[in-house]
Amino acid sequence: MSTVPQPDPKDRPARLTVGVVGAGRVGPALAASLQLAGHRPVAVSGVSDASVRRAAQLLPDVPLVTPAQVMERADLVLLTVPDDALPGLVEGLAETGAVRPGQLLVHTSGRYGAKVLDPALRAGALPLALHPAMTFTGTPVDVQRLAGCSFGVTAPEELRLAAEALVIEMGGEPEWIAEAARPLYHAALALGANHLVTLVAESMELLRTAGVEAPDRMLGPLLGAALDNALRSGDAALTGPVARGDAGTVAAHVTELRKHAPQTVAGYLAMARATADRALAHGLLKPELAEDLLGVLADGTDTAEGDAR
């Protein structure tokens, strides 16, 4: 059950025409979710073949037009372009007069808050930063995954209720993020989600090398339990040879990784050092065992750097 107070009906945005500039994986899914809430997608822009296919699948019968035409037709415009492209896009739209006074302009970048929309604000737009804390596939399953998804919300105080109402209409949970905290907020999400994919992919490759026929089946229950324990208990959920101070086991790991997958050694050592620091700080790693363990990790670093040179 949602713990977020539901907005008063007078604070809910009126039924809006919706446009999407940048038909990547995020924009069409959000527009489709808004459509389920009663809003009306009217225009989408996209260049690549993949963008065209996504728009056709998630927003059938919605015309594919230029960004300027999206701005002309929609009351609420989703700017769902890569982070680095966003400032230039906003400036260009404002300079060419594409922004209309009273138009809701929503970007979905995790990195930026509402300030990146200042050029549009000066042109009379209403700026909102609504970042869904979710990975997207570009398929209809994304719309389902928005149910219960947290959104990082940043907007002028007078637009806060409208921003939160839009998130709730998409099935999400609004979480207010201060403008200055947006880069840190986004770094935290990238650290947890993006790096998790890399770790799991590397683990699966190593298991295949070790002869495991179904690494996904082996890892699924283990990683599911580890994630659940970590979310519930934080550092108290740490287990394994580093937290136990098994220096010999860690040394064996480094030797095998260097032999079979040298590209993973640096990442293993970095994560092992971070794990040791946290385990030591929380009393899980005994100080008398930490010295040998940290020595192994330091030796591994020296060797890895030597190999790189």
Side-chain angles (χ1 to χ4, degrees), residues 2-8 11-13 16 18-22 24-27 29-31 33-34 39 67 70-71 74-96 98-136 146 148-195:
S2 172
T3 59
V4 177
Q6 298 298 305
D8 188 281
D11 295 320
R12 290 165 61 93
L16 302 167
V18 178
V20 179
V21 175
R25 296 181 180 183
V26 179
L30 296 188
S33 183
L34 288 168
H39 301 288
V70 172
M71 298 294 294
D75 302 317
L76 185 159
V77 178
L78 300 171
L79 303 180
T80 52
V81 298
D83 288 358
D84 287 351
L86 182 60
L89 172 65
V90 176
E91 290 176 4
L93 293 174
E95 289 174 359
T96 58
V99 178
R100 292 186 284 109
Q103 190 170 43
L104 282 165
L105 209 55
V106 177
H107 80 71
T108 59
S109 166
R111 170 185 172 187
Y112 292 108
K115 189 173 179 57
V116 71
L117 298 174
D118 276 356
L121 173 65
R122 290 190 289 271
L126 307 177
L128 308 176
L130 308 180
H131 174 250
M134 177 56 63
T135 59
F136 287 79
L146 288 174
C149 167
S150 291
F151 279 66
V153 177
T154 306
E157 186 63 33
E158 61 272 19
L159 295 176
R160 180 167 180 160
L161 289 177
E164 292 177 345
L166 283 171
V167 169
I168 292 169
E169 286 192 323
M170 288 186 281
E173 299 276 352
E175 184 73 40
W176 193 256
I177 307 296
E179 181 80 31
R182 291 290 289 208
L184 179 60
Y185 151 81
H186 196 226
L189 295 180
L191 183 66
N194 302 156
H195 297 178

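Keep in mind it's a predicted model, so treat the numbers as computed, not measured. Position 1 is the first residue of the sequence, and the numbers go up from there.
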Peer 1: Can you give me the closest heavy-atom contact between F151 and L30, atom names plus distance?
Peer 2: CZ-CD2, 4.2 Å
Peer 1: F136 and L146: side-chain contact (heavy atoms from CB on, under 4.5 Å), yes or no, with the steps?
Peer 2: CA-CA 10 Å; F136 287 79; L146 288 174; 4.0 Å; yes
Peer 1: Heavy atoms, side chains only, cut-off 4.5 Å: are L117 and L79 in contact?
Peer 2: yes
Peer 1: Between S33 and A29, is there a donor-acceptor pair closer than 3.5 Å when you use the side chain of the first and the backbone of the second?
Peer 2: no
Peer 1: Do P127 and L105 have side chains that approach each other closer than 4.5 Å (heavy atoms only, starting at C-beta)?
Peer 2: no
Peer 1: For the pair V116 and H107, evaluate side-chain contact (heavy atoms from CB on, under 4.5 Å) and give the outcome as yes or no after the intermediate values.
Peer 2: CA-CA 9 Å; V116 71; H107 80 71; 3.6 Å; yes
Peer 1: Looking at every heavy atom in both A163 and V153, which two are closest together, and how far apart are they?
Peer 2: CB-CG1, 3.7 Å
Peer 1: L128 versus L159: any side-chain heavy-atom pair under 4.5 Å?
Peer 2: yes
Peer 1: Sequence neighbours left out, what passes ring pair (Phe, Tyr, Trp, His ring centres under 6.0 Å) with Y185? Give chain and number order.
Peer 2: H131
Peer 1: At their closest point, which heavy atom of C149 faces which heavy atom of M134, and how far apart are they?
Peer 2: SG-CB, 3.7 Å
Peer 1: Without swapping roles, check the side chain of T154 against the backbone of A178 for a donor-acceptor pair under 3.5 Å.
Peer 2: no
Peer 1: Quick check for you: to the nearest 0.5 Å, what is the distance between L189 atom CG and S150 atom OG?
Peer 2: 9.0 Å
Peer 1: Heavy-atom distance under 4.5 Å between the side chains of E95 and L93, does that happen here?
Peer 2: no
Peer 1: Atom CG in L184, atom CZ in R111: separation rounded to 0.5 Å?
Peer 2: 14.0 Å
Peer 1: Taking side chain as C-beta onward, heavy atoms only, is L166 less than 4.5 Å from E169?
Peer 2: yes
Peer 1: Starting from the C-alpha separation in whole Å, work towards a yes-or-no answer on side-chain contact (heavy atoms from CB on, under 4.5 Å) for V77 and L104.
Peer 2: CA-CA 6 Å; V77 178; L104 282 165; over 6 Å; no
Peer 1: Taking all heavy atoms of V26 and all of P132, pick out the closest pair and write down the distance.
Peer 2: CG1-CG, 4.3 Å
Peer 1: Closest heavy-atom contact between A114 and A155?
Peer 2: CB-CA, 4.2 Å
Peer 1: Do the side chains of R182 and K115 get nearer than 4.5 Å, heavy atoms only?
Peer 2: no
Peer 1: Within the structure provided, determine whether P183 and Y112 are in side-chain contact (heavy-atom separation under 4.5 Å).
Peer 2: no
Peer 1: Counting only heavy atoms not in R25, do more than 12 sit closer than 6.0 Å to its CZ atom?
Peer 2: no
Peer 1: State the OG1-CG distance between T108 and L86, to the nearest 0.5 angstrom.
Peer 2: 8.0 Å
Peer 1: Which heavy atom of D75 sits nearest to which heavy atom of Q103, and what is that distance?
Peer 2: O-CG, 3.5 Å
Peer 1: Run the side-chain contact (heavy atoms from CB on, under 4.5 Å) check on L34 and L16 step by step: do they pass?
Peer 2: CA-CA 9 Å; L34 288 168; L16 302 167; over 6 Å; no
Peer 1: Can you find a pair of side-chain heavy atoms, one from V90 and one from P87, that are under 4.5 Å apart?
Peer 2: no
